[in-house]
Structure formats: structure tokens, C-alpha cells
Amino acid sequence: MRVEELASAHAVSVDTVRYYQKIGLLHPPARHGRMARYDESHGRRLGEIRHLSEAGFSLAQIRRLGDGHDDPMLVALGARHGDTLTFDELVQQSGLDAELVRLATDTGLVRPLRTSAGSAGEAATGEGVGEGAIADTLYSTGALTMLRAATELLAAEMPLDDLIGLALRHASNMEAVAADAVGLFAERFADVPAAQRADLAGRLIPLVTDLVAQHFRESLVEHATERILAGDIDDGGAHSEAKAAPNAPAAGGSGRRTAAGLRTRTALTLECRELSGELDPLAVFAASDAHQRVYWACPDGDLEFCALGSAFDATAGAGADRFASVAEALSLLDVAMRGDSGHPIGPLAVGGFSFRPEAPAADSVWEPFGTGCLTVPEVLVVRRGGQSWLTSVPGAPVWPIMAASRSGVGGACATCGVADGSGVCGLAAAAGAADANCARDGTTMRGHAGDDLTSADAHTLADPELTEGPASDLNAATLAMLGGSYRADDGYTELVRRALGRIAEGGLDKVVTARELHIASGLEPIAVLNRLRARYPSCVTFAFGRGAQTFFGATPEQLVHFDGLRLQTDALAGSGPRVGDPARDADLAAELQRDPKELTEHAMVVTDVRDTLRACGAALDAPSPTGVMELRRIMHLHTPISGRAPAGTSVLQLAGALHPTAAVAGLARRIARDWISEHEGFERGWYAAPVGWTTLDGRGEFRVALRCALTDPAETRLFAGGGIVEGADPDAELTETNIKLEALLYALKGD
């Protein structure tokens, strides 16, 4: 037969056949004239090579076994078979039902070495593998070890579905590690002859396996020990008690604990209704005096919401696992929805995390924000696609919606649309009372007893512009008091010089230095927020209120957006000025894209983000070209990154893995973060950290809190920073932070 026919019959390439012949695994073909002809012996040899390869032999080992003779190879295969098991043997020795072993094979938890029906890859996925093929599959003794471990876990009443999900997530992560390990070997031994490479790989890769496996075992024991000491895992019948425990009360907390230390589930009921017209969430935010309140607006993404109060808090403790602890608390929440269907995004948990995992000091301005918290609000108003929706717990105070409806829908009832001039049906008659009834369906909208919501008061509370009056005067006075003093900061240029010195020492390629601009005056954030959402439609304008404090800003940087399948993030690093003249801005953008320092900084961030996502098991799309994101007074090098996340992933997992990116900390991350903590001189709090929202099924978006400020009635702190790499100029870095500070400072006044 011709070489093409031989290759096709054994599902290999022509080049593979010729390579095997070149290194002596196949004897030369007979020649008929000028045509090489292969016979059945070549076919048998190819089959044996494949079986030996799938049984774990390297090509160099196969060549040494027989030096071209069939019998030694077959003897070696038979000897190797003593270390393998058939499907029936695996079922018998594991003590598991055959269907469970098939399930373990189909899901990839255990992997076959070979199958007569197809490749090992087909057997692992179950594609093209029938009953006969499964029966003819060979497994390693490692598969038996895994199944015996699974048997003991099932005997301890561990949930099978959760175990499979955990194992699949681990397998997905290990795929990325394995690919990186192979790439490392390929690069390290690229100049070594092929036969020696095979021997080196056969000797060294098992050592890497031992290293990784031991690290995983030690990490597992360490985390389990921490949980036991924290009281999350206890003995004395904890499992049975958790199963029998009833649901916790409807609201509050992050899951009640039993006496055995296990969290019980929490039930929460939410009512949803579509409002009759568009209601401005910023007007609701302005009207509210709730201790916890959130405003979020992404005009280009067609999403805006206001969240008031707390029906359920998932609060993070200090430590590296704070994202996971919040996700766990949310997973214990059972929400029942009633009312209108068709809500655009469903119930939300909103909030953020601190830059560092350590808890803020008791006297810190950041103490009310903590290390992280996501809240399911008592009242949520969402505006999307020209519609507005209200989701609330039964009996929640909704008087801010009543007030905001005056400006949001022109005096019509926010519930039924009746234009009675009051904003809510019966509000005029019920002024000073606790309840106001809607004519559409008799729904009672509850306010605070004694609230005097006359039309004039409602209009004042609802006005989000605040361009006149004392609040506007406060912002103007603060800006005038500051003047241009922020443009000089010797402390910051000295910080940059220290960073450059540390980079020169080695071990640190980049560090992001930041500065805090302290103003001895409060701000009125509502007018600023209104200007920010209009001036920066591609950014997210946000505000998080804790009592008298408000943390707010407009950030261009997307940490991660996840729709349950696809993920999207940005590499945003490398900055330059923008002046507003199209021709000059085009020149500045071209200069930015040629600047070696900015390009180096940007490339570090791109590599860091892509490597992190691959380690999470994500299958990334082909790299996108780097462009320029142009904002009002500044431009950034920008590379979008997207891909598909493995099943079971949540936006909190992705955010926790990505934070802190090289764009806000540096590389290496831990060294950079420790250097920042030691030298920066102020507490970042939620600045440069993830803020955002998630649905209860794991979809959502987190942004990096940049271009932001923390204000209360007595003082205001503004934050800005920049990435420092070799070749950075301290004065230029100071200018960059000034441009970033001005994004907020110029929003203190109108155009």
C-alpha cells in the first residue's frame, strides 16, 4: 500500500509515518520501481507503537525495546499490561457500580489509556465509545486509586454532584498547569536531541507531578485546618444536624450557624414590579437616607440601578479567601420571587472589596466598608432598555421611589401610570401616613409613618441635577479652595524614585504607585455623579454610601464581565493626555502607541491577565489588537480580552483570581502589593479594588474602582496612581496622576 493509505488506515499523518521510519521505529518499505510500498507488517507496527505510547512509553523507550523487532515490543506491552486494568477489573476492584465508573469516564474524572474503538481522547470524552469499546478500555492503577477515594467520600455521605463539579473544576485548572509545564519543558530542552528530550521528559515530568500533587495535598490540609479552627467544620453529627435544620428567618445576616458550626440556608422573598415609566435611579439615590445605598450607571451598557438598604449581607472576613467566603454565603440564600416577571437581570447582590485582604484599622475612614461585602438590597430600582423595575422585600420603605417618581415619570404613578400629580396613587390623601395604595392592583407602597411627602417636598428630593443651591455652592467652594495646589507633590515624585530603585534591584518588574489628595471639606456627590454619567458614558459611574460617607467615581476599567458562559475583561495600562483637538489627539494617540515605556507596562498587564484566566480554566479567544481608549482628558492603551469560562464558574471566582491585576498592583503581584503597603503612606481601602454586582446564579460585572473619591461632611480624599516600570520619569508620572484627579475635580463644576 502507499504511504497515504497506511497513514489513513491508522489515523496518523504521512509525516508521522515518515518520522517513525526516520528514527528507526518502522523498517524501510519495499520499493517497486520508484514507488515505496508498505505491507501489513508496517500496519501492525503502527498499531503497536500507538498502544505502547498510550500505555505510557516514550518513543525513545519504544525504539530501545525492540530495535525494529516485533517480539520484544509485544513482551514489553504484556508486561506493562500488568500495571493496567480493564473496565471490568476496574469496576470489580473499586467496588463501584459499573454505571458510576462509566460516569467517571464520561466526565473525564478518570482517563483511559487506550480503547480499540478510537483514541484515548475519544474514550475520555465518551465520543464514539460504545459498550464494547468501554469493555476493551485500559485504565491505569491511578484510576483505581481515584475511584477508591471516591468510594470512601461517598460512604461519608459527601454529595456526588458536588464532588464531580469540584473534580471537574480541579481537572480544568490542571489542564492549564499541564499545558504550561509541557511548554516549559519544550522551551528548556529545545536544543537537546529528540531521543534525549524523551528520556528527560520521562524522568523529570513525574517529579513535577509529585511536586504539584504534594503542594495540593498540603494546601487542602491547610485550608481544612483553618476552617475547623474557625468553626466552619466540626464533629459531633454536624452533617445530620445541618440536614435537619430549618431555614433561617427571611432577612439579614450571611447565613445562620448551627451549634455544630455549619451554616444553614436563608430564605428571602422579593416582590418585583415593572414601573409604568422610566424612573431615574440617581433621583432615588438622592432621595434616600438609607445607611447602605448604591448607585451604578453604565450608559453605553444600558444599565443603571440604585440599591437601598440590606435584606441580606454576604460579608467577607479578612484573608485570601474572602471572595470565596462571600460566594459561599450567597450560595446559602434561597430567594422566592413574586409579582411581575421579565425583570431584565434578576435579583442582585451589590458591593465591593478592599484592595488588601487585611481588615482596616478600627479608627480608619475605611472601617465601615470592611474587606468586602455584597448586599441583596431591600429596595432595587433598575433602568434598562427604556423600562424601570422595582424589586423589594415585602414592607420595605419605598418613599424614595415615591419622591423620585415626580421627576422620573412626570408626576404619574410609578406603579400604575395614573397622572394624578402625586407621583403615587393616593399619596396626596395619605401625606403623613405610612401607606399609599396603588389603583392598578391595590398594592400598598409603604413609606415611613409621619413622612410629609407633599408635592413640593417630593420634587426637591427627586431633583438629581443639584446645579443650584447650597450643594452646588459647596462643590464650587471646595474646588476654589483647592486651586492648583494638587499639581505639585514632592512626596509622590519621591515615592516614584523609590519604586524605580526597588525595580533596579530585581525581582519586581512593575509597581503601581498612588497618591491621596486630602481636602478638609466635604462634597455633595449627587451633582458630581450626574455630570460623570453624562461625560463618561463608556465608564461606570458608581457610588457606595455607608451612613454619612460616600465612595464614588467613574471608572474606565472593567475587571471582568461574565454572562454565565462568556467572559470579557480589559487590559488597561499606559496613559497619555488628551486635549480635545481631533488632529492633536490623533498625534498623541500615535505617540502613545510608540512609547516604549507605556508599551512595556501594557504588555505586562496583558500577559498577567491572560495567564490568570488560563489558570482559571478559561479558553481564551485569539489575542485582540491593542488600541487606544480615549476619555475626556486622558487616553489609555487598551486591549480587550475575552473567552469561554469552564462550567460552574462564577463572576466572583474570576474577580477574586484577577485582583489585584498588574494594572493596579504590579508584577510580581505579591511583592508589589507588599511594597505598596510599606511605602505608599495611606490606606487604599476600596480604591483600585473590585466593585460591582452579581446575580445569584453567578453572572455579573466587577470594575476596578478608579477616578474616585471618599467623602463625608468634614473631609474628602481623592485617589490616583500610575504604573512604574524601568525608564519611568517621576515628573511625568506626577502629571499623569494630576490628569486622573481632574476627572473628578472638573466634575465639581459645570462645563
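A quick note: this is a predicted structure, and the numbers were derived from the prediction, not measured. Residue indices begin at 1 and follow the sequence shown. Note that these values count all heavy atoms, side chains included, but never hydrogens, waters or copies made by symmetry.
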| CG of Leu658 to CD of Gln653: how many Å apart, nearest 0.5 Å? | 11.5 Å
| said: So does Gly700 get a backbone contact from the side chain of Thr695, meaning a donor-acceptor N/O pair under 3.5 Å? | reply: no
| request: Output yes when a side-chain donor or acceptor of Glu598 lies under 3.5 Å from a complementary backbone atom of Ser575, and no otherwise. | output: yes
| said: Measuring from atom CG of Leu330 to atom CG of Asp697, what distance do you get when rounded to the nearest 0.5 angstrom? | reply: 11.5 Å
| said: Taking Val540's backbone N and O only, do any of them form a donor-acceptor pair with Thr555's side chain (distance below 3.5 Å, no angle check)? | reply: no
| message | Donor-acceptor check, side chain of Asp563 to backbone of Arg566, threshold 3.5 angstrom: yes or no? | response | yes
| task | First locate atom CG of Asp611, then atom CZ of Arg614, and finally report the distance between them rounded to the nearest 0.5 Å. | result | 5.0 Å
| task | Look at the side chain of Thr569 and the backbone N and O of Leu559, then say whether any donor-acceptor pair between them is shorter than 3.5 Å. | result | yes
| query | Under 6.0 Å from the CD atom of Glu5, do we count more than 12 heavy atoms belonging to anything else shown? | reply | yes
| said: I need the Arg322 CZ to Phe353 CZ distance, nearest 0.5 Å. | reply: 7.0 Å
| query | So Leu565 and Arg644, side chain to side chain contact (heavy atoms under 4.5 Å, CB included) or not? Walk me through it. | reply | CA-CA 6 Å; Leu565 181 64; Arg644 182 188 296 265; 3.3 Å; yes
| Stepwise, does the side chain to side chain contact (heavy atoms under 4.5 Å, CB included) test hold for Gln593 with Leu637? | CA-CA 7 Å; Gln593 291 179 295; Leu637 291 175; 3.9 Å; yes
| said: Does any part of the side chain of Thr600, heavy atoms only, come nearer than 4.5 Å to the side chain of Lys510, both counted from C-beta? | reply: no
| said: Is it the case that atom CD in Gln93 sees more than 12 heavy atoms from other parts of the structure closer than 6.0 Å? | reply: yes
| Going by heavy atoms in the side chains, are Phe702 and Leu652 under 4.5 Å from each other? | yes
| query | Does Pro357 reach the side chain of Arg673, with side-chain heavy atoms less than 4.5 Å apart? | reply | yes
| Test item: side-chain donor near acceptor, Thr86 and Asp88, under 3.5 Å | no
| query | Could you give the distance from CG (Asp587) to CG (Leu592), rounded to the nearest 0.5 Å? | reply | 12.5 Å
| task | Might you work through the side chain to side chain contact (heavy atoms under 4.5 Å, CB included) test for Leu303 and Ile345, ending with a clear yes or no? | result | CA-CA 10 Å; Leu303 176 63; Ile345 51 176; 3.9 Å; yes
| message | On a heavy-atom basis, which atom in Phe562 and which in Gly698 lie closest, and how many Å separate them? | response | CD2-O, 3.5 Å
| said: Is there a side chain to side chain contact (heavy atoms under 4.5 Å, CB included) between Asp570 and His636? Walk through the geometry before answering. | reply: CA-CA 11 Å; Asp570 294 328; His636 305 282; over 6 Å; no
| task | Of all the heavy-atom pairs spanning Pro690 and Phe323, show the shortest one and how long it is. | result | CG-CZ, 3.9 Å
| Value rounded to 0.5 Å, distance of CD1 in Ile641 from CG in Asp621 | 10.5 Å
| task | Give the minimum heavy-atom separation between Glu601 and Ala573, together with the two atoms involved. | result | OE2-CB, 3.9 Å
| field | Side chain proximity check, Cys616 to Thr649, heavy atoms < 4.5 angstrom | value | no
| message | Quick check: do Leu588 and Asp585 have side-chain heavy atoms less than 4.5 Å from each other? | response | yes
| query | How close do Val664 and Ala688 get, heavy atom to heavy atom, and via which atoms? | reply | CG2-O, 3.8 Å
| If every non-hydrogen atom of Leu508 is compared with every non-hydrogen atom of Leu667, which pair is closest and at what distance? | CD1-O, 3.2 Å
| query | Taking atom types as modelled and ignoring hydrogens, do the side chains of Thr612 and Arg669 form a donor-acceptor contact shorter than 3.5 angstrom? | reply | yes
| Heavy-atom pair with the smallest gap, counting every atom of Leu500 and Ala728 | CD1-O, 3.4 Å
| Would you say the side chain of Val725 lies within less than 4.5 Å of the side chain of Lys597, judging by non-hydrogen atoms? | yes
| With a 4.5 Å limit on heavy-atom distance, are the side chains of Val609 and Thr639 in contact? | no
| request: Would you mind reporting whether Thr694 and Ser650 have side-chain heavy atoms less than 4.5 Å apart? | output: no
